[in-house]
Amino acid sequence: MKYIIEGGKKLEGEVEISGSKNASLPILAASILSGKTTKLYNVPNISDIQTTKQVLERLGCKVIKKETKIVINSGKIETKEIPEELMKKMRSTVVFAGALIGRFKEATFSYPGGCNIGARPIELHLKGFEKLGVDIQKEDGYIKCKCEELTGAEIYLDFPSVGATENIMMAAVLAKR
C-alpha cells in the first residue's frame, strides 16, 4: 500500500486502528490464570491470533471469537501440555507455559518454532521459572516444568527480553510471598 500526498491540500479522513498482536497474544495466554471468563476487544484478525485460539481450545478453554472480540472461559483446562504442532507454528506460544505454571504449577511443551529472524532461545524463560521453584526436565524434545509451590523471587535477566519477562510474570503472579 502506498499513499501519495501532494502539497497544498488538507489531509482528512478516518482510519480504524486494530489492536496490537504483541499485546493480544500474552493477554490471551494470561486468561488461563483466572479460571474464569475473560473478554477481550479490538483483537486483530490475523493468523497468530487464530493459532493462539487453537492453543486455548486444545488446552480445554471454551473460546468464542466474533470479529475483533474474543471471550475465553478457562474454567475447565483439561491438559497442561501445549500441543507440539501449535508450538512449532509460532514462537510466542511459549507464553502459555508461564500461564499454566502460574495456575497449575506444571506445563509440558516442545521448543517453539515460527521465528524467521534467527535463533531466539528460551533459556531466559526457563531460568526465571527455576528461580520461582520450578523443576525443569528436558527429554525427547520436550520441556517438562513442575513444582509443588511457586515462591516469589528477585529475577534478573541476562539480557532484556519482553517475552521472557511476560512469561516469568505469568508464572509468578499467583506465587507465594
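Computed from heavy atoms alone, side chains included, the values below leave out hydrogens, waters and symmetry copies. All residue numbers in this chain count up from 1 along the given sequence.
Although no hydrogens or angles enter the test, the distance criterion places no donor-acceptor pair under 3.5 Å between the side chain of T108 and the main chain of E81. N167 places a side-chain N or O within donor-acceptor distance of the main-chain N or O of V94, the cut-off being under 3.5 Å. Side-chain N or O atoms of T38 include none that pairs as donor or acceptor with a backbone N or O of S34 at under 3.5 Å. Within the 3.5 Å criterion, the main-chain N or O of I32 finds a donor-acceptor partner in the side chain of R103. Using modelled atom types, one side-chain atom of N73 and one backbone atom of G75 make a donor-acceptor pair closer than 3.5 Å.
Contact annotation: the side chain of P26 approaches that of M170 to within less than 4.5 Å [non-hydrogen atoms, C-beta and beyond]. Residues D158 and L124 form a side-chain contact, since some pair of their non-hydrogen atoms from C-beta on lies under 4.5 Å apart. Two residues are said to be in side-chain contact when any heavy atoms from C-beta on lie closer than 4.5 Å; K21 and I46 meet this criterion. At least one side-chain heavy atom of I136 sits under 4.5 Å from a side-chain heavy atom of E130. A 4.5 Å side-chain heavy-atom check between T68 and S18 finds every atom pair outside the cut-off. Two residues are said to be in side-chain contact when any heavy atoms from C-beta on lie closer than 4.5 Å; L86 and K88 fail this criterion. For the pair T93 and T52, the minimum side-chain heavy-atom distance is 4.5 Å or more. Side-chain atoms of V63 and I70, non-hydrogen and from C-beta on, do get closer than 4.5 Å to each other.
Ion pair K89/E84 not flagged as a salt bridge, since none of the NZ, NE, NH1 or NH2 atoms sits closer than 4.0 Å to an Asp/Glu carboxylate oxygen. Between E123 and K127, none of the side-chain N atoms (NZ, or NE/NH1/NH2) sits under 4.0 Å from a carboxylate O, so this pair counts as no salt bridge. Under 4.0 Å is where a charged nitrogen must lie from a carboxylate oxygen, and between D135 and K146 no such pair does.
The two residues P44 and S24 make their nearest non-hydrogen contact at CD-OG, 3.5 Å. Taking all atoms of both residues into account, the shortest heavy-atom contact from C145 to F109 is SG-CE2, 3.8 Å. Taking both residues in full, the closest heavy atoms of I168 and G128 are given as CD1-CA, 3.6 Å, listed atom of the first, atom of the second, then distance. Heavy-atom minimum distance, A175 versus G152: CB-N, 3.8 Å.
More than 12 non-hydrogen atoms from other residues, nucleotides or ligands lie less than 6.0 angstrom from CD of E139. Other residues, nucleotides and ligands contribute only 12 or fewer heavy atoms inside 6.0 Å of the CD1 atom of I64. Counting non-hydrogen atoms of other residues, nucleotides and ligands closer than 6.0 Å to CD of E148 gives a total of 12 or fewer.
For the residue pair N45 / K65, a side-chain donor-acceptor distance below 3.5 Å is found, with atom types taken as modelled.
Remark: K80 is positioned above the aromatic ring of F104, its terminal NZ or CZ atom under 6.0 angstrom from the ring centre and at most 45 degrees off the axis.
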- Query: Given V55 and I82, is the side chain to side chain contact (heavy atoms under 4.5 Å, CB included) satisfied, shown in steps?
  - Reply: CA-CA 7 Å; V55 172; I82 305 164; 4.1 Å; yes
- Message: Let's go through L126 and K138 carefully: what are the C-alpha distance in whole Å and the side-chain angles of both, what is the deciding distance for side chain to side chain contact (heavy atoms under 4.5 Å, CB included) to 0.1 Å, and is it a yes or a no?
- Response: CA-CA 11 Å; L126 302 179; K138 298 176 186 176; 3.7 Å; yes
- Query: L132 and T151: side chain to side chain contact (heavy atoms under 4.5 Å, CB included), yes or no, with the steps?
  - Reply: CA-CA 5 Å; L132 297 171; T151 304; over 6 Å; no
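In terms of hydrophobic clustering, with Ile, Leu, Val, Met, Phe, Trp and Tyr side chains grouped at heavy-atom distances under 4.5 Å, L28 and I77 are assigned to a common cluster. Transitive grouping of hydrophobic side chains (ILVMFWY, heavy atoms separated by less than 4.5 Å) keeps V95 and I49 in distinct clusters.
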